[in-house]
Participant: 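Here you go, one structure.
Start at 1 with the first residue, then count along the sequence. Side chains included, hydrogens not; waters and symmetry mates left out as well; all remaining heavy atoms used.
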Amino acid sequence: MKITCSTCPHLCSIDEHQVGLCKARSNQEGKIIPINYGLLTSIALDPIEKKPLMRFHPGSKILSVGSFGCNLKCQFCQNHEISMASKEKANARYVPPEDLVMAAVDLVSRNNIGIAYTYNEPLVGYEYVRDCAKLAREKGLKNVVVTNGCFLKEPMNEIMPLIDAFNIDLKGFTNEFYKKIGGDLEIVKNFIALAAESSHVEVTTLIIPDENDSEEEIENLSKFIAGIDVNMPLHISRFFPCYKMQDKNPTEVEKVYKLADIARKNLNYVYEGNC
């Protein structure tokens with residue numbers, strides 16, 4: 001019997017033992033479960049600025065972990081080897097929440113402040129994020145989530161109070177662009193506003209030539225963020241050809257700086273990335 005997954009706006013109707021679009025959630029015995037729970041494909045101690053988070057404990061490091069799966073299909077994905085991978089093709093090892101948190105504690109002496117859930121789309125397996133974040137809080141560690149933000153409010157209410165900081169990808173600011181990547185702009189906008197109620201939030205927009213790089217779009221995008229908080233940092237990031245967008249040229253550096261200046265008319269903190 002098919003069961004509907006209500007984690008994100010795709011609302012996948014999944015047959016028994018099949019997986020949803022994200023390749024990380026499955027119908028097992030009439031219940032939707034995250035089949036990527038605790039299966040880590042990537043782990044590294046990164047500078048916090050690499051998330052990127054510029055105004056959350058600058059100068060510190062954070063234990064960054066990722067699994068497999070994503071609920072969007074961006075042709076420009078920089079981590080497609082894991083975000084688009086199935087369980088069978090992902091090179092992953094199981095790390096229970098207790099072990100991950102203890103590893104993070106052991107790294108405090110190396111300036112580690114906590115755990116960042118990143119690399120793939122971590123919220124397709126939000127249950128693991130939730131369980132780890134609870135334990136991390138008990139140990140005095142910070143929790144950071146790097147996400148596309150394309151998720152429904154009800155399941156996210158479980159983790160929002162546990163997360164100290166988000167970096168949220170606002171991929172563009174038109175419905176047409178979000179349709180191309182299989183997302184929903186309004187859902188992401190609502191996610192950003194919800195996250196800002198309880199957490200530090202920074203936003204990243206990757207500028208892709210002839211896709212989401214108009215001055216009007218960045219003007220509207222920055223005005224939206226300012227409507228939530230003029231002090232919310234925005235990262236304007238330079239695109240490089242990758243995955244299924246090998247035919248595109250890198251974004252011109254001058255373009256990135258020009259769009260950042262436009263965003264600064266509305267926001268107090270705008271950062272250029274990959275330049």
Side-chain angles (χ1 to χ4, degrees), residues 46-60 62 64 72 74-79 116 118-119 121 144-150 165-178 180-181 183 185-196 199-243 245-275:
D46 286 333
I48 194 75
E49 291 83 1
K50 193 176 178 180
K51 298 306 96 190
L53 291 169
M54 297 298 288
R55 302 190 64 81
F56 182 77
H57 296 272
S60 63
I62 194 156
S64 302
L72 298 184
C74 303
Q75 293 190 331
F76 47 88
C77 181
Q78 296 173 328
N79 291 322
T118 179
Y119 299 136
E121 172 47 63
V144 168
V145 168
V146 181
T147 177
N148 63 45
C150 199
F166 285 89
N167 185 287
I168 302 169
D169 283 326
L170 185 51
K171 306 282 186 178
F173 210 66
T174 64
N175 292 322
E176 291 74 19
F177 186 78
Y178 264 91
K180 289 182 181 180
I181 63 174
L185 175 59
E186 291 304 313
I187 293 290
V188 178
K189 288 165 64 177
N190 291 338
F191 186 101
I192 293 170
L194 180 65
S199 307
H200 175 86
V201 174
E202 303 194 17
V203 173
T204 297
T205 300
L206 182 70
I207 303 299
I208 305 171
D210 303 318
E211 295 286 345
N212 64 345
D213 62 343
S214 74
E215 295 181 14
E216 180 184 9
E217 188 167 343
I218 295 303
E219 174 78 17
N220 292 335
L221 183 151
S222 58
K223 282 182 176 178
F224 160 73
I225 296 173
I228 300 173
D229 184 354
V230 294
N231 291 317
M232 184 180 292
L234 171 64
H235 300 261
I236 301 288
S237 193
R238 187 185 183 204
F239 161 85
F240 288 96
C242 62
Y243 192 35
M245 275 198 174
Q246 299 286 345
D247 57 330
K248 289 275 187 185
N249 291 321
T251 316
E252 293 182 1
V253 172
E254 294 79 7
K255 182 76 169 183
V256 173
Y257 280 96
K258 184 174 184 179
L259 294 179
D261 284 340
I262 289 171
R264 287 190 183 97
K265 296 176 183 177
N266 300 306
L267 295 167
N268 291 333
Y269 301 106
V270 180
Y271 301 93
E272 298 90 357
N274 293 339
C275 292

Participant: Please identify each residue that fulfils side-chain hydrogen bond (donor to acceptor under 3.5 Å, both in side chains) with Tyr243, with sequence neighbours left out.
Facilitator: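 Applying side-chain hydrogen bond (donor to acceptor under 3.5 Å, both in side chains) to Tyr243 gives none.
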
Participant: Once rounded to the nearest 0.5 Å, what's the spacing between atom CG of Asn266 and atom CG of Leu221?
Facilitator: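 Result: 10.0 Å between the selected atoms.
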
Participant: Could you pull out all residues at least two apart from Lys248 that satisfy salt bridge (Lys or Arg N to Asp or Glu O under 4.0 Å)?
Facilitator: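 Checked Lys248 against salt bridge (Lys or Arg N to Asp or Glu O under 4.0 Å); matches are Glu211.
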
Participant: Please test Leu185 against Leu170 for side-chain contact (heavy atoms from CB on, under 4.5 Å), starting from the C-alpha separation and ending with a verdict.
Facilitator: CA-CA 8 Å; Leu185 175 59; Leu170 185 51; 3.9 Å; yes

Participant: Supply the atom-to-atom distance Asn274 CG to Ser237 OG, rounded to the nearest 0.5 angstrom.
Facilitator: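 Reported to 0.5 Å precision, the distance equals 3.5 Å.
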
Participant: What's the verdict on side-chain contact (heavy atoms from CB on, under 4.5 Å) for Leu72 and Lys171, showing C-alpha distance, side-chain angles and the deciding distance?
Facilitator: CA-CA 11 Å; Leu72 298 184; Lys171 306 282 186 178; 4.0 Å; yes

Participant: Do you know which two heavy atoms are closest between Cys275 and Arg238, and how far apart they sit?
Facilitator: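 It is SG-CB, 4.3 Å.
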
Participant: When the ring planes of Phe224 and Phe173 are compared, do they come out parallel, tilted or perpendicular, using 30° and 60° as the limits?
Facilitator: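 Judged by the thresholds at 30° and 60°, the geometry between Phe224 and Phe173 is tilted.
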
Participant: Can you name the closest pair of heavy atoms from Leu53 and Ala165 and give their distance?
Facilitator: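 Heavy-atom minimum between the residues: CD1-CB, 4.0 Å.
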
Participant: Is the closest side-chain heavy-atom distance between Lys51 and Thr118 below 4.5 Å?
Facilitator: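 Of all side-chain heavy-atom pairs linking Thr118 with Lys51, at least one is under 4.5 Å.
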
Participant: Rounded to the nearest 0.5 Å, how far apart are CD of Gln75 and SG of Cys242?
Facilitator: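 So the CD of Gln75 and the SG of Cys242 are separated by 10.5 Å.
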
Participant: Which heavy atom of Ile62 sits nearest a heavy atom of Ala116, and at what distance?
Facilitator: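 Distance-wise, the nearest heavy atoms are CG1-N, 3.7 Å.
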
Participant: If you define the side chain from C-beta out and look only at heavy atoms, does anything of Ile208 sit under 4.5 Å from Phe177?
Facilitator: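 Yes, their side chains come closer than 4.5 Å.
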
Participant: I need the Ser214 OG to Asn220 CG distance, nearest 0.5 Å.
Facilitator: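 Going from the OG atom of Ser214 to the CG atom of Asn220 covers 8.0 Å.
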
Participant: Between His235 and Met54, is any pair of side-chain heavy atoms under 4.5 Å apart?
Facilitator: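 They are in contact (side-chain heavy atoms under 4.5 Å apart), so the answer is yes.
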
Participant: Are side-chain heavy atoms of Pro241 and Pro250 found at a separation under 4.5 Å?
Facilitator: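 Pro241 reaches Pro250 side chain to side chain.
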
Participant: Roughly how far apart are Asp261 CG and Ile236 CD1, rounded to 0.5 Å?
Facilitator: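 So the gap between those two atoms works out to 10.5 Å.
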
Participant: Looking at every non-hydrogen atom in both residues, tell me the closest pair between Tyr178 and Gly172 and how far apart they are.
Facilitator: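 That would be CE1-O, 3.5 Å.
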
Participant: Which pair of non-hydrogen atoms, one from Ala195 and one from Ile168, has the smallest distance, and what is that distance?
Facilitator: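 Ala195 and Ile168 have their closest heavy atoms at CB-CD1, 4.1 Å.
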
Participant: Are the charged groups of Lys258 and Glu215 less than 4.0 angstrom apart, N to O?
Facilitator: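 Here Lys258 pairs with Glu215 in a salt bridge, since their nearest N and O are under 4.0 Å apart.
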
Participant: Can you establish whether the number of heavy atoms outside Glu216 located under 6.0 Å from its atom CD is more than 12?
Facilitator: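 It does not: Glu216 CD has 12 such atoms or fewer within range.
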
Participant: Apply side-chain contact (heavy atoms from CB on, under 4.5 Å) to Ile181 and Phe76, showing your working.
Facilitator: CA-CA 9 Å; Ile181 63 174; Phe76 47 88; 3.9 Å; yes

Participant: Within the side chain of Ser199, is there an N or O that forms a donor-acceptor pair under 3.5 Å with the backbone of Ala196?
Facilitator: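 The answer is no, because no donor-acceptor pair under 3.5 Å joins these two groups.
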
Participant: Could you check whether any side-chain heavy atom of Ile207 comes within less than 4.5 Å of a side-chain heavy atom of Phe239, counting everything from C-beta outward?
Facilitator: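 Side-chain contact under 4.5 Å: no.
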
Participant: Quick one, Glu121 and Thr147 - any side-chain contact, counting heavy atoms below 4.5 Å?
Facilitator: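 They are in contact (side-chain heavy atoms under 4.5 Å apart), so the answer is yes.
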
Participant: Over all heavy atoms of both residues, which pair between Pro209 and Asn249 is shortest? Give the atoms and the distance, please.
Facilitator: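 Scanning both residues, the minimum pair turns out to be CG-O, 3.5 Å.
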
Participant: Verify whether one side chain among Glu217 and Asn212 offers a donor that lies under 3.5 Å from an acceptor in the other.
Facilitator: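 Glu217 vs Asn212: no donor-acceptor pair found between side chains.
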
Participant: Check the pair Ile192, Met232 against side-chain contact (heavy atoms from CB on, under 4.5 Å), reporting the backbone distance first and the verdict last.
Facilitator: CA-CA 10 Å; Ile192 293 170; Met232 184 180 292; 4.1 Å; yes

Participant: Quick one: are Asp213 and Thr251 in side-chain contact, heavy atoms under 4.5 Å?
Facilitator: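 Not in contact.
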
Participant: Any Lys/Arg nitrogen of Lys180 or Glu176 sitting under 4.0 Å from an Asp/Glu carboxylate oxygen of the other?
Facilitator: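 Salt bridge: no.
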
Participant: To the nearest 0.5 Å, tell me how far Lys265 NZ sits from Lys223 NZ.
Facilitator: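 Here the rounded value is 9.5 Å.
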
Participant: Tell me, do Leu234 and Thr205 make a side-chain contact under 4.5 Å, heavy atoms counted?
Facilitator: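 Yes, close enough: below the 4.5 Å cut-off.
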
